[in-house]
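Beneath this line is the structure, given in C-alpha cells, with notes to follow.
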Amino acid sequence: MNKRVKDVVDAIVSAVQRVLDEREITESEYRTALHYLMKVAEQGETALLCDVFLNSTVVATKARLSSGSTPAIEGPYYRDDAPLVVDRLKTYDTDDHKPLLIRGTVKGVDGSVIDDVTIDVWHSTPDGKYSGFHDGIPSDFYRGKLRVRPDGSFRVHTTMPVAYQIPNDGPTGALLETMGGHSWRPAHVHFKVKAPGYETLTTQYYFEGGDWVTDDCCNGVESSLITPDMVEEGARVMNIEFVIEPVLAHAGANS
Ligand code: DHB
Ligand code: FE
C-alpha cells in the first residue's frame, strides 16, 4: 500500500467524477472519450497530450515552492549529452538567421556567486526543429553546455529560434482544433542551470512581442520569463539573471 498513490488517485477520480456528473456526460460521450484515449496511446501521444494540458500546472506548483528564478516546462527535447560550448552554439551558417546573444549571471538566493555552475542551453533551429530529435540536423547544433565564469557571468552567441508548432497531425492536435485552439508555442530558449548543492533550475525564456507569447498552446509563459526587446550590434540580446536555491529548501508532500 502506497498512501501517496492512494491519496492522489482518489483525488483525481473524485475530480473527474464531479465533472462527469456536472456536465451530465452521456454513455456515448464516455465511449467517444475512451476511443480518443486509446488513439492517443496507439499513436504514442500520451506524453504530448498530458504535457499540453497538465505540465504547466506541475511547474506552477514548483514555482510556488521555490524562492529561485521562475521555472518552466522542460518539453521533450533536452539531451544530457550536448557538447560543452565556449562562445557560440553550432548553427547553420546562413545570413538570414538573425543573431542572438544570450548573457547574464547565475547567483544564489542570497546574492552569492556559486562555484561550478553549468547551464544547458537548447532551442529550435530557424525552421522550428530540434537537433537530435528531428531529421537532418547535426545532433550538436542549437544546443550545448556553458560553464559559468568564476564571477557568475555567462554569455553565448547563437541564432534566433522561431515559434514552434507541436506535432499537430495526431489526436492531440485534433483535440486542440476541436476546442478552437491551436498548436503553436512562442519562440523560446530552454535552460537547465545546475550546480552542486543547488536545486536544478529548468526553465525557458521568451521574446517580448513574439508571436504566440500571449497565447501559448502549452500555457508555459509567465511574465517574468519574457525578455525585453533589446538589440546590440545587430544581435537580439536575451539578458537573464538566474537565481538558484540550495537543495532541500523545502520538503515535498510525500516526504
Ligand atoms: C513541446 C515542445 C517544446 O519545444 C517545448 O518547449 C514544450 C513542449 C511539445 O512538443 O510538447
Ligand atoms: Fe521547446
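When reading the values below, keep in mind they use all heavy atoms of this one structure, side chains included, and skip hydrogens, waters and symmetry mates. Read the numbers this way: they start at 1 and go in the same order the structure lists the ligands and their atoms. The chain is numbered in sequence order, starting from 1.
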How long is the straight-line distance from [atom2] of [Y] back to [atom1] of [X], given to the nearest 0.5 Å?
| X | Y | atom1 | atom2 | result |
| --- | --- | --- | --- | --- |
| Arg143 | Phe133 | CZ | CZ | 5.5 Å |
| His157 | Leu100 | NE2 | CG | 10.0 Å |
| Ile240 | Phe154 | CD1 | CZ | 5.5 Å |
| Arg88 | Arg155 | CZ | CZ | 10.5 Å |
| His123 | Leu89 | NE2 | CG | 5.0 Å |

*Identify whether the distance between the nearest side-chain nitrogen and carboxylate oxygen of Arg236 and Asp229 falls below 4.0 Å.*
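A salt bridge links Arg236 with Asp229.
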*Would the Tyr142 and His134 ring centres measure less than 6.0 Å apart?*
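Aromatic pair excluded; centres sit 6.0 Å or further apart.
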*Per-ligand residue contacts, ligand 1, heavy-atom threshold under 4.0 Å*: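 Answer by chain and number: Leu48, Ile73, Gly75, Pro76, Tyr77, Tyr130, Tyr164, Ile166, Pro167, Arg185, His188, His190, Gln204.
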*On the 0 to 90° scale, with breaks at 30° and 60°, tag the His182-Trp212 ring pair as parallel, tilted or perpendicular.*
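Because their plane-to-plane angle lies in the 30° to 60° range, the rings of His182 and Trp212 count as tilted.
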*Run through the protein N/O/S atoms less than 2.8 Å from the Fe ion (ligand 2) and write them out by chain and number.*
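The answer is Tyr130 OH, His188 NE2, His190 NE2.
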*Flag yes if Tyr36 and Val52 sit in one hydrophobic cluster, no otherwise; membership is Ile, Leu, Val, Met, Phe, Trp, Tyr, and two members link when side-chain heavy atoms are under 4.5 Å apart.*
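Yes, because Tyr36 and Val52 connect within a single hydrophobic cluster, where side-chain heavy atoms sit under 4.5 Å apart.
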